[in-house]
Every structure is written in C-alpha cells, then in structure tokens.
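All values below come from the heavy atoms of this structure, side chains included, with hydrogens, waters and symmetry mates left out.
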Amino acid sequence: MATQKPFADVLQEYLAGKKTGALFVSVAEASENLIRFFFKDGVIYSLSYGPIKDKECLDILDCYDLGKVVYFDGLKTPAASPACPRTEDIINAVRKNNKEVQVD
C-alpha cells in the first residue's frame with residue numbers, strides 16, 4: 001500500500017542508509033519523463049529530468065507535483081556529474097518546497 005511521505009525525508013533516508021542505486025520519481029503532470037536521482041553510498045551524484053540536469057533540474061522541481069517513487073538498488077549512470085549540487089543542498093531545497101511523494 002502506497003503512503004504519502006515528505007520527499008526530503010525519503011532523500012535523507014537514502015543518505016543515512018548509504019544507498020547506491022537510482023530513485024525515479026513520476027511527475028503528476030502529463031509527462032513521459034521521470035525525475036532521476038542517482039546515489040552512490042548515499043550521495044546524490046546525478047540528477048535529471050528529461051534533458052534538464054543537476055542545478056537546473058533542482059531549480060524547476062518546485063514547479064511540479066510529484067507522484068510515486070521507485071528505487072532500483074545498484075543501478076548506476078555511466079559517470080558522475082561534476083555539476084550536481086551537494087546532496088545536503090538538494091535535500092534542503094526539496095524540504096523548502098514541501099513536496100510529498102508516494103512510497104510503497
């Protein structure tokens with residue numbers, strides 16, 4: 001059964017749990033793209049929404065209603081993005097937006 005949860009809390013749990021994998025987030029608006037967060041040992045090293053990446057992606061998150069999150073343990077991107085904001089900065093920005101997601 002899916003429950004609503006603050007998205008910042010989900011990201012904080014992945015940081016604390018030192019997760020390595022990918023977290024995909026659906027967007028409630030009609031979009032075929034997913035917001036993608038890639039983690040290594042809890043640190044977010046890549047963030048994207050379609051062609052939008054890293055800081056630009058973080059800047060537009062507050063414009064969207066988020067849906068369900070799905071985590072894929074061990075999934076990696078080809079390379080870390082040097083332009084990706086710090087994990088703590090991402091979590092703080094998401095917390096300010098008060099976004100909630102559906103978690104199974």
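One distance of note links NZ of Lys40 with OG1 of Thr87; it measures 13.0 Å at 0.5 Å rounding. Distance check: Ser48 OG to Leu58 CG gives 12.5 Å after rounding to the nearest 0.5 Å. We find the CZ-CG distance between Phe7 and Asn97 to be 10.5 Å, quoted to the nearest 0.5 Å. Within the model, atoms CD1 of Ile90 and CD of Gln12 stand 12.0 Å from one another, a figure rounded to the nearest 0.5 Å. The CG atom of Leu66 sits 5.0 Å away from atom CD1 of Ile35, with the distance rounded to the nearest 0.5 Å. Put simply, SG on Cys57 and CZ on Arg36 are 10.5 Å apart, with the number rounded to the nearest 0.5 Å.
For residues 14-23, no pair satisfies side chain to side chain donor-acceptor pair (under 3.5 Å), with sequence neighbours left out.
No side-chain heavy atom of Asn98 sits under 4.5 Å from any side-chain heavy atom of Pro6. Looking at heavy atoms from C-beta onward, Ser81 lies out of side-chain contact with Leu47 at the 4.5 angstrom threshold. Contact of the Asp104 side chain with the Lys68 side chain is registered, since non-hydrogen atoms from C-beta on lie closer than 4.5 Å. Residues Val70 and Leu23 form no side-chain contact, since every pair of their non-hydrogen atoms from C-beta on lies 4.5 Å or further apart. When side chains are defined from C-beta on, Val25 does not count as touching Leu34, because their heavy atoms never get closer than 4.5 Å. Tyr45 is listed as a side-chain neighbour of Lys76, based on a closest heavy-atom distance under 4.5 Å.
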Steps toward side chain to side chain contact (heavy atoms under 4.5 Å, CB included) verdict (Glu56, Ile60)
CA-CA 7 Å; Glu56 292 173 348; Ile60 66 163; 6.0 Å; no

List the steps and the verdict of side chain to side chain contact (heavy atoms under 4.5 Å, CB included) for Phe24 and Asn33.
CA-CA 10 Å; Phe24 294 170; Asn33 293 317; over 6 Å; no

Can you list the steps and then say if Gln102 with Gln4 is a side chain to side chain contact (heavy atoms under 4.5 Å, CB included)?
CA-CA 5 Å; Gln102 294 175 12; Gln4 288 291 112; 2.8 Å; yes

Show, in sequence, the C-alpha distance, side-chain angles and deciding distance for Val43 and Phe39, and conclude whether the side chain to side chain contact (heavy atoms under 4.5 Å, CB included) test is met.
CA-CA 5 Å; Val43 175; Phe39 295 83; over 6 Å; no

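In the displayed structure, Lys99 atom NZ is contacted under 6.0 Å by more than 12 heavy atoms of other residues, nucleotides or ligands. With a 6.0 Å radius and a threshold of 12 heavy atoms from other residues, nucleotides or ligands, Glu88 has its CD atom above the threshold.
Annotation: Phe72 is not in aromatic contact with Phe38 [ring centroid separation under 6.0 Å not met].
A search for ring-ring contact (aromatic ring centres under 6.0 Å, His included) contacts involving Tyr49 returns Tyr64, not counting sequence neighbours.
Ion pairing between Lys96 and Asp62 fails under the 4.0 Å rule for side-chain N and carboxylate O.
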